[in-house]
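Here is the structure we will look at.
Convention: sequence-line order gives letters A, B, ...; per-chain numbering from 1.
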Protein chains: 2
Amino acid sequence: MSGKNITAKQPAGKSSPFLSELTLDCVILGFHEDQLKVLLLRWRGTQEWSLPGGPIRKEESVDQAACRILKERTGLKDIFLQQFQLFGDVERYNRNEIKEKLKHLVEPEKWFERAVSVGYYALVDYPKVAPTPDAFTEECQWWGIDEIPSLLFDHNHLIKIALESLRIQLSWQPIGYKLLPEQFTLPELQRLYETILGRTLDPRNFQRKMLGLGILYRLETRRKGGAHKAPYLYRFNKQHYKAMLTKGSLFFS
Amino acid sequence: MSGKNITAKQPAGKSSPFLSELTLDCVILGFHEDQLKVLLLRWRGTQEWSLPGGPIRKEESVDQAACRILKERTGLKDIFLQQFQLFGDVERYNRNEIKEKLKHLVEPEKWFERAVSVGYYALVDYPKVAPTPDAFTEECQWWGIDEIPSLLFDHNHLIKIALESLRIQLSWQPIGYKLLPEQFTLPELQRLYETILGRTLDPRNFQRKMLGLGILYRLETRRKGGAHKAPYLYRFNKQHYKAMLTKGSLFFS
DNA sequence: TATCATTATGTCAAATTAACATAATAATAA
DNA sequence: TTATTATTATGTTAATTTGACATAATGATA
């Protein structure tokens, strides 16, 4: 979210003609029960939700800030994090409507005049996350991507753009497995792709394409437990992935 | 570039733990004599070059700032502008080596402690540009993309990333024509693609693919003047392009 | 009117994609 | 123990797209 900096000292540029505030917002995505989930925070004493986020420290790079925020909210590190866009509309942050909702937490005159925010999305393994609120919030919770309420700031828009970026990147790079545990079955991976892309895929074609990439390694073991044929387990194979990257493939011959 | 704000009032966050400075850098690309060109500025009294850019005004959105900077340096508006990345390394901006080079222009203690910069690239029609320096610079000039000197800040890196983004976008969307005049021939377009992608393309396959997109409109007239067969002129067709966009096309069936 | 440089164009083989149905099997119920 | 159920694993064929390839046409100039 873009609110954690609201206790910071008075905005710098009070006398400057230039804006000076930058925050970072994180669209943390998980996959659970065949549904994409996003981690949201509820602000103290309100029913208002927003994305996790906050300002960037002077001694850390923007990427490091994204890692830090992710770590603080989920307990996870070494996670796939992708910067996807800077959101720079003039009125995205400092709006009376928002200040009114949060006035018991922040005196309206303490707000920065403006804050621009850089969006990152993270792909995490759902059960590994320990959702943790920050100083301004009292609840940190997964929300189904189709059940998200109206959020503070421009965070509904941010999530929308994050998903569009994810879909595009997913068509280029096999990053889907990052939302799954280390070992997963092909049907699980397929359901994940279907969820993100929003349409069904043919299992035979999916398998051919996915295995054809040569980046998945089939294990000896199968996943047992269902009342049906036990599926093979797979793991992502970093070696093969690197080999694939060198090839490259695009629009023109 | 990230230097225009150096005369702004003292950095805000002097007492804040959070960074507060944001600038914008613009990779303005043109195409001339079968070469990609980028517009660079030479700083007053130095041989140091950088990208055009500057801080963002409080009353303008980040996109608007990009338009403004582009307009100021080239005289052009309504141009293809694409945000491609935020550059947020801690030491990208405030480095002794840079301050030393520009100390006759800016007192070293006047520099912001840190500035993060958002990169945009612009695709312009080369002959339409009127290169214009800003307050800190005395020369504004096109440079061949392969002849760029060592630039201030992280601008060499910025250009590299801009080109990578452009190549990727070019494989998705037929944006190449934006670097050409309103009317152009297929061989011209092909040479442009070859230049950006860095490899030769087969003219028959290129034509088939490009015309197959249905977004080019062949004019009656041909371009005369060369000692050879006169090529047809084409124009981009916005109608067809929109139709194409709705289709979508990706990795999975 | 011959020459030169460049443009315009078509075919075929190979690779990729889309569409489609059935046999295998782990768990559970009968 | 056997049958049932739900799900997984897998192969073929036609359609489409891609890659590789060479020649005839023509505007300007000599």
Q. Would you say C:dA8 has OP1 or OP2 under 4.0 Å from some side-chain N or O of B:Gln207?
A.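 Indeed not, no polar side-chain atom of B:Gln207 lies that close.
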
Q) With respect to the phosphate group of D:dT17, does any side-chain polar atom (N or O) of B:Lys209 fall under 4.0 Å of OP1 or OP2? A) no

Q: Among A:Phe80, A:Phe31, A:Phe236, find the residue that satisfies the ring pair (Phe, Tyr, Trp, His ring centres under 6.0 Å) test when tested with A:Tyr177.
A: A:Phe236

Q: May I have the distance from B:Phe206 (atom CZ) to D:dT17 (atom P), rounded to whole angstrom?
A: 18 Å

Q: Take the protein atom OH of A:Tyr232 and the nucleotide atom C1' of C:dT25, then report the distance between them rounded to whole Å.
A: 11 Å

Q | Residue whose nearest DNA chain D nucleotide is more 5′ - B:Ala227 or A:Tyr234 | A |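 By nearest-heavy-atom nucleotide position, the 5'-most residue is A:Tyr234.
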
Using atom names, set out every protein N or O paired with an N or O of nucleotides 21-25 of chain D below 3.5 Å, distance rounded to 0.1 Å.
from: D:dC21; atom 1: N3; to: B:Arg204; atom 2: NH1; distance (Å): 3.3
from: D:dC21; atom 1: N4; to: B:Asp202; atom 2: OD1; distance (Å): 3.3
from: D:dC21; atom 1: N4; to: B:Arg204; atom 2: NE; distance (Å): 3.0
from: D:dA22; atom 1: N7; to: B:Arg204; atom 2: NH1; distance (Å): 3.4

Q) Does the side chain of B:Leu76 come within less than 4.5 Å of B:Lys128's, by heavy atoms? A) yes

Q | Side-chain heavy-atom pair A:Leu86, A:Val116 within 4.5 angstrom cut-off | A |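 In short, these two side chains touch, coming nearer than 4.5 Å.
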
Q | Side-chain donor/acceptor of B:Gln64 to backbone N/O of B:Ser61, under 3.5 Å | A | yes

Q. Distance-only, no hydrogens or angles: does the B:Glu139 side chain make a donor-acceptor pair with backbone N or O of B:Arg42 under 3.5 Å?
A. no

Q: Using a cut-off of strictly less than 4.0 Å between a heavy atom of the residue and any atom of DNA chain C, enumerate the qualifying residues of residues 180-189 of chain A by number.
A: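 Output list: empty, so none.
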
(Q) When you compare the side chains of B:Arg235 and B:Tyr217, does any donor N or O come within less than 3.5 Å of an acceptor on the partner? (A)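 There is no such pair between these side chains.
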
Q.
Check for me whether the distance between the ring centres of B:Tyr120 and B:Phe84 falls short of 6.0 Å.
A. no

